[in-house]
Amino acid sequence: MTPYISELLQFIERSPSPFHAVDNVCRRLRAQGFQPLPEAELWKLEPGGCYYVTRNLSSCIAFRLPEEGKPRSFLLTASHSDSPTFKLKENYELASPAYTRLNVERYGGMLYAPWFDRPLSVAGRLLVRRGNKLETRLVALDKDVAVIPNVAIHMNRKLNDGYSFAPQQDLIPLLGGPEAKGMLKRLLAGAADAEPEAIAGSDLTLYLREPGRVAGLQDEFVLAPRLDDLECAFGTLEGFLQAGSFDACPVYCLFDNEEVGSATRQGADSSFLSDVLTRLAEALGMSAQELRAAAASSLMLSADNAHAVHPNHPELSDPENQVVMNGGIVVKFNANQRYTSDGVSSALFREICRRAGVPTQAYANRSDMPGGSTLGNIANTHVSLHTVDIGLAQLAMHSCFETAGTADVAYLVQAAKAFYETSLRIEGDGTYLLSRD
Ligand code: ZN
């Protein structure tokens, strides 16, 4: 199989919720010698140390300190841990004479149609009462428990003519017959090794247990849930861990809540990154002046997937700035700065890729389409950094089963590794020195 694809699919399968994604990243980091830094404690950092911080257990920032001295710049990647899905409401059972259904609301801007007629399961976190403590338990039911059934074509002949779905009516999953009431809570409690009465709080979402797979006549495509943005979360993590020698301080960020605008306690539009960089600097005895000088010499890759030109709708892409799967890393541009890439940040990143032998391609929306946005420009309002928006080309973004190119994952790993190993000097506002050890 193409390099990294089975590892990527395993990472996605084990990450049915942002909590699980961050948990998997942290396990990986600990296995490589990274130490956790609790936000509620004072930090003592050692030169050459490797550390990570989580917030809400759904966002994570990891960094590696230089063997000696203070960091003179930071090289950061940022991706997101969340994907569009359905969140269970607090009172999540809907009883009717014939059925028990699941009371859910939409999280993020998903495509509705792919969620129909799929076996669905539930994952997330529970707060469980244990004596005088509340403890977090991550749960992912290893059982399909729900389905959102389509209406038969015989009952609505207009369903193929652009039907408009009503969320409170059409997007309600079926759990079982009337006797199923109360069963889901017992199942979740069992998965958390707790009594149902001990569950004090929860953040639960629907997910697809169906494993991702490779498809295409020449295995060109990888089809899986949550490729946006676990593909970038995985690829940048691999590059971060593989980077050997480094001159700057490498930082890996994974933020929750990108799909709902990032303005949460743990999202890219929070103080999380600036708090971590400030505390890191304080713990290393860096002055405010030194931290700001380092930030001014830094570069961030905001890594989130991009729209490949659609095979049946090429007219939806810009005629020249369109991208393909397996064509290399996408650098995204937007005049109104929904993407942060500019002449400088794109030149720096493309130069790194050129030297590493990684192909890149340029993306811009059609001029009459607003397109999506991502986390780079949002994070920049808290910590201003040279930032370039990149990603991997995919189809069916925000479907519950997306399609990407199998060759691109290795390109991202290679590019992220080369990026983290880069030595960057910014001489004033106009000259940039790039070298690699
Ligand atoms: Zn995304």
Side-chain angles (χ1 to χ4, degrees), residues 14-27 30 36-41 52-61 80-95 100-108 120-146 168 171-176 178-207 209 226 254-267 270-272 275:
R14 291 178 181 168
S15 303
S17 79
F19 304 104
H20 291 83
V22 166
D23 186 52
N24 286 322
V25 166
C26 294
R27 281 170 197 267
R30 281 196 299 276
L37 292 173
E39 277 204 290
E41 288 176 19
Y52 69 89
V53 192
T54 60
R55 186 175 281 186
N56 189 46
L57 298 178
S58 61
S59 292
C60 166
I61 297 177
H80 64 90
S81 59
D82 62 326
S83 309
T85 179
F86 294 86
K87 187 169 194 296
L88 275 63
K89 288 184 180 171
E90 201 60 20
N91 298 309
Y92 51 70
E93 280 180 340
L94 286 167
T100 303
R101 294 180 304 154
L102 197 53
N103 202 3
V104 295
E105 56 186 325
R106 290 162 295 165
Y107 174 90
L120 300 172
S121 190
V122 175
R125 76 164 161 200
L126 298 178
L127 273 295
V128 173
R129 207 177 292 114
R130 278 281 149 99
N132 64 350
K133 276 189 190 169
L134 292 176
E135 292 177 356
T136 298
R137 296 264 191 286
L138 301 195
V139 291
L141 297 180
D142 58 354
K143 178 180 167 59
D144 296 316
V145 294
Q168 189 64 39
L171 304 178
I172 300 295
L174 171 66
L175 274 179
E179 71 291 346
K181 194 162 172 17
M183 283 181 69
L184 181 59
K185 189 165 189 181
R186 289 200 290 280
L187 208 56
L188 288 163
D193 198 18
E195 294 300 319
E197 310 75 57
I199 298 177
S202 63
D203 292 289
L204 298 166
T205 47
L206 295 182
Y207 82 101
R209 286 171 69 241
R226 304 180 293 284
L254 182 59
F255 292 112
D256 193 6
N257 302 129
E258 192 275 341
E259 299 294 358
V260 292
S262 296
T264 61
R265 190 174 74 88
Q266 59 279 349
S270 75
S271 62
F272 190 27
D275 287 347

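Salt bridge absent: D193 and R137 never bring a charged side-chain N and a carboxylate O closer than 4.0 Å.
Taking both residues in full, the closest heavy atoms of P16 and Y207 are given as CB-CD1, 3.4 Å, listed atom of the first, atom of the second, then distance. Smallest separation of non-hydrogen atoms from A146 and P173: CB-CB, 4.0 Å. In plain terms, the two heavy atoms of S83 and Y107 that are nearest each other are O-CD2, 3.5 Å. Scanning all heavy atoms of the two residues, the minimum distance from L141 to R209 falls at O-CD, 3.8 Å. Among all heavy-atom pairs drawn from D82 and V260, the shortest one is OD2-N, 4.4 Å. Across all their heavy atoms, V53 and L37 have their closest contact at CG1-O, 3.6 Å.
We find the CD1-CD distance between I172 and E105 to be 10.0 Å, quoted to the nearest 0.5 Å. Here the straight-line distance linking atom CG of N24 with atom SG of C60 works out to 11.0 Å at 0.5 Å rounding. From L57, atom CG reaches atom CG of L138 across 7.0 Å, with rounding to the nearest 0.5 Å.
Checked by atom type and distance alone, the side chain of S59 never pairs as donor or acceptor with a backbone atom of G267 at under 3.5 Å. S81 contributes a side-chain N or O that, together with a main-chain N or O of S58, makes up a donor-acceptor pair within less than 3.5 Å. R226 contributes a side-chain N or O that, together with a main-chain N or O of S15, makes up a donor-acceptor pair within less than 3.5 Å.
Counting heavy-atom neighbours within 6.0 Å of K143 NZ, excluding the residue itself, gives a total of 12 or less. Counting heavy atoms of neighbouring residues, nucleotides and ligands inside a 6.0 Å radius, atom CZ of R14 does not exceed 12 of them.
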Worked check of side chain to side chain contact (heavy atoms under 4.5 Å, CB included) between L175 and R101
CA-CA 5 Å; L175 274 179; R101 294 180 304 154; over 6 Å; no

Determine, step by step, whether R125 and N56 satisfy the side chain to side chain contact (heavy atoms under 4.5 Å, CB included) criterion, reporting the C-alpha distance in whole Å, the side-chain angles of both residues, the deciding distance to 0.1 Å, and the verdict.
CA-CA 11 Å; R125 76 164 161 200; N56 189 46; 2.9 Å; yes

Passes side chain to side chain contact (heavy atoms under 4.5 Å, CB included), T54 versus D23? Steps please.
CA-CA 9 Å; T54 60; D23 186 52; over 6 Å; no

Assess the residue pair L88 and L206 against the criterion (side chain to side chain contact (heavy atoms under 4.5 Å, CB included)); give the C-alpha distance rounded to whole Å, side-chain angles, the decisive distance to 0.1 Å, and a yes or no.
CA-CA 8 Å; L88 275 63; L206 295 182; 4.2 Å; yes

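Checked against K87 for a side chain to side chain contact (heavy atoms under 4.5 Å, CB included), the options L204, V104, D203 give a single hit: D203.
Two residues are said to be in side-chain contact when any heavy atoms from C-beta on lie closer than 4.5 Å; Y92 and V122 fail this criterion. Counting heavy atoms from C-beta on, the side chains of N91 and N103 never come closer than 4.5 Å. For the pair E258/P18, no side-chain contact is recorded, criterion being any heavy-atom separation below 4.5 Å from C-beta on. Considering only heavy atoms from C-beta on, S270 stays 4.5 Å or farther from R265 through its side chain. Side chains of D275 and R55 form a contact here, defined as non-hydrogen atoms less than 4.5 Å apart.
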